[in-house]
Amino acid sequence: MSQKKEYDLDGLCVDLKQFGKYQILQTLLIMWPAMVESFSLLQIVFLGYTPDHQCKDLSEEQLSIYNVTSYDDISYEKCHINIFRGLKNITDELSCINGHNYSANKDISYVIEWNLVCDKDGLAELTQSLFTAGQGAGALIFTALADKIGRKPVHVGSAFLLFLCVSGSALSPNIWVFAAIRVLSGAFQQGIVIPGFTMILEMFPADKRTLVSCTLGVWWSICVMILALVAYVMRHSEWRWLCAVFGIPGIICIFQFWYLREAFDGCSQKGNCRSRKNCETRSKT
């Protein structure tokens with residue numbers, strides 16, 4: 001009858017070089033996708049920008065249809081047109097039948113391109129709510145999947161799929177396709193975050209994990225600042241180009257596939273002693 005050998009993984013981390021080249025390189029490799037994680041979460045601030053707007057003017061033909069005379073005053077508001085009938089002392093209200101005039105270029109935001117204002121303004125905010133819903137689903141699915149098949153496959157696979165979703169959303173023909181991609185983006189973002197964070201912490205002893213966690217928090221803040229910098233540099237570009245650029249950091253998954261290794265705990269849970277011994281050897285450097 002075979003006996004399952006137990007390992008003191010925390011003791012192993014203490015005995016090995018705690019901040020060796022292997023741990024540092026592996027940590028940097030896992031940390032890099034945090035850029036696309038933060039970009040996918042917060043990109044809506046720039047892609048969904050809503051500028052000032054008002055209804056377009058009525059044409060001469062439309063003025064005739066609505067019996068607008070020289071005694072009447074017309075006021076073009078954000079979401080409706082007011083026609084004050086001077087002779088009758090009443091006000092008629094019309095919708096923006098000709099669309100809207102915006103204070104920014106049409107291609108700077110998907111809100112402008114798809115006219116998501118007035119009665120459609122909730123659709124722009126809905127995409128972020130759907131992203132959050134995707135995060136909840138991804139946290140449930142990928143946590144269990146990472147324990148079953150390993151953290152590296154889930155982390156690397158999610159990074160690749162998030163890269164495709166974020167950059168691919170630039171090709172969205174309408175708000176509904178964009179919203180569906182946002183759901184998938186939220187799920188894959190959690191497929192990167194949860195296994196990646198766990199892999200990093202498993203490479204260090206318990207007394208060092210608070211320091212490592214704080215470092216990861218600082219890196220996340222830096223990624224958010226990089227997002228703002230990229231958006232500022234590309235402030236005159238089309239929102240589709242901006243969206244495509246936000247997904248580029250996900251290309252790191254190509255290098256992760258070859259160079260990223262399972263953490264000690266992940267190797268032991270899967271019973272892969274050879275992988276575990278390789279991890280130990282590298283950690284001594």
Side-chain angles (χ1 to χ4, degrees), residues 35-57 75-82 93-139 161-193 220 223-250:
M35 292 184 67
V36 72
E37 295 165 18
S38 60
F39 289 4
S40 64
L41 174 64
L42 301 173
Q43 65 178 3
I44 198 72
V45 174
F46 306 100
L47 303 182
Y49 165 66
T50 303
D52 293 332
H53 58 89
Q54 70 174 28
C55 296
K56 288 184 177 180
D57 295 351
S75 175
Y76 295 96
E77 306 295 340
K78 284 188 174 183
C79 297
H80 56 269
I81 302 172
N82 291 327
E93 185 175 289
L94 303 176
S95 61
C96 298
I97 55 180
N98 293 330
H100 297 80
N101 288 319
Y102 296 93
S103 61
N105 295 331
K106 180 179 179 180
D107 55 10
I108 202 173
S109 166
Y110 68 76
V111 171
I112 304 176
E113 181 172 334
W114 295 326
N115 285 316
L116 303 180
V117 293
C118 298
D119 56 333
K120 297 181 180 179
D121 58 352
L123 294 178
E125 299 173 357
L126 177 64
T127 59
Q128 189 67 5
S129 300
L130 292 175
F131 183 90
T132 305
Q135 284 182 306
L161 292 172
L162 183 60
F163 159 66
L164 293 181
C165 286
V166 174
S167 295
S169 61
L171 303 176
S172 301
N174 53 58
I175 184 60
W176 303 113
V177 174
F178 184 80
I181 295 177
R182 289 292 288 168
V183 176
L184 296 176
S185 297
F188 295 137
Q189 191 229 31
Q190 290 300 296
I192 301 175
V193 173
W220 175 270
C223 291
V224 174
M225 290 187 285
I226 295 175
L227 167 66
L229 178 62
V230 172
Y232 176 78
V233 172
M234 299 185 65
R235 62 189 181 278
H236 300 303
S237 302
E238 295 184 23
W239 72 268
R240 296 181 184 273
W241 281 111
L242 185 62
C243 198
V245 169
F246 283 158
I248 290 179

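The structure presented is a predicted model; accordingly, all values stated were derived computationally and were not measured.
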Just do the side chain to side chain donor-acceptor pair (under 3.5 Å) check on Gln189 and Gln135 with the steps written out, would you?
CA-CA 7 Å; Gln189 191 229 31; Gln135 284 182 306; 2.6 Å; yes

Yes or no on disulfide (SG to SG under 2.5 Å) for Cys96 and Cys118, after CA distance, side-chain angles and deciding distance?
CA-CA 10 Å; Cys96 298; Cys118 298; 5.3 Å; no

For Val224 and Ser38, what are the C-alpha separation, side-chain angles and deciding distance, and is it a side chain to side chain contact (heavy atoms under 4.5 Å, CB included)?
CA-CA 6 Å; Val224 174; Ser38 60; 4.3 Å; yes

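Counting only distance, with no hydrogens or angles, the side chain of Arg235 and the backbone of Tyr232 share a donor-acceptor pair below 3.5 Å. Of the possible polar contacts, none joining the Asn105 side chain to the Asp107 backbone as a donor-acceptor pair under 3.5 Å is found. For Ser167 (side chain) and Leu164 (main-chain N/O), no donor-acceptor pair under 3.5 Å exists by modelled atom type.
With rounding to the nearest 0.5 Å, the separation of CZ in Phe178 from CH2 in Trp114 is 6.0 Å. Rounding to the nearest 0.5 Å gives a distance of 8.5 Å between CG of Leu227 and CD of Gln43. Rounded to the nearest 0.5 Å, atoms CD1 (Ile81) and OG (Ser75) are 9.5 Å apart. Taking OH of Tyr76 as the reference point, atom CG of Asn98 lies at 8.5 Å (rounded to 0.5 Å). The OG1 atom of Thr127 sits 9.0 Å away from atom CG of Leu47, with the distance rounded to the nearest 0.5 Å. A distance of 14.0 Å separates CZ of Phe188 from CD of Glu37, quoted to the nearest 0.5 Å.
Here the closest heavy-atom approach between residue Asn82 and residue Glu77 is recorded as ND2-CG, 3.8 Å. Of all heavy-atom pairs spanning Ile181 and Cys165, the tightest one is CG2-O, 3.3 Å. Scanning all heavy atoms of the two residues, the minimum distance from Val166 to Cys243 falls at O-SG, 3.2 Å. The two residues Ala170 and Ala244 make their nearest non-hydrogen contact at CB-N, 4.2 Å. Nearest heavy-atom pair across Leu130 and Ala179 is CD1-CB, 3.6 Å. Heavy atoms only, all atoms of each residue included: Gly48 and Val111 are closest at O-CG2, 3.4 Å.
In Glu125, the CD atom is not crowded: 12 or fewer heavy atoms of neighbouring residues, nucleotides or ligands sit closer than 6.0 Å.
Ring geometry for Phe246 versus Phe39: interplanar angle of 30 to 60°, hence tilted. The aromatic rings of His53 and His100 sit perpendicular, their planes meeting at an angle over 60°, well past the 30° parallel limit.
In this structure, Tyr110 and Leu116 have side chains that are in contact, with non-hydrogen atoms separated by less than 4.5 Å. The shortest distance between side-chain heavy atoms of Val36 and Phe163 does not fall below 4.5 Å. For the pair Ile44/Phe131, no side-chain contact is recorded, criterion being any heavy-atom separation below 4.5 Å from C-beta on. When side chains are defined from C-beta on, Met35 counts as touching Ile226, because their heavy atoms get closer than 4.5 Å.
If you check the side chains of Ser109 and Tyr102, you find no donor sitting under 3.5 Å from an acceptor.
Within the structure, every pair that satisfies the salt bridge (Lys or Arg N to Asp or Glu O under 4.0 Å) test and touches residues 109-124, not counting sequence neighbours, is listed here: Glu113-Arg240.
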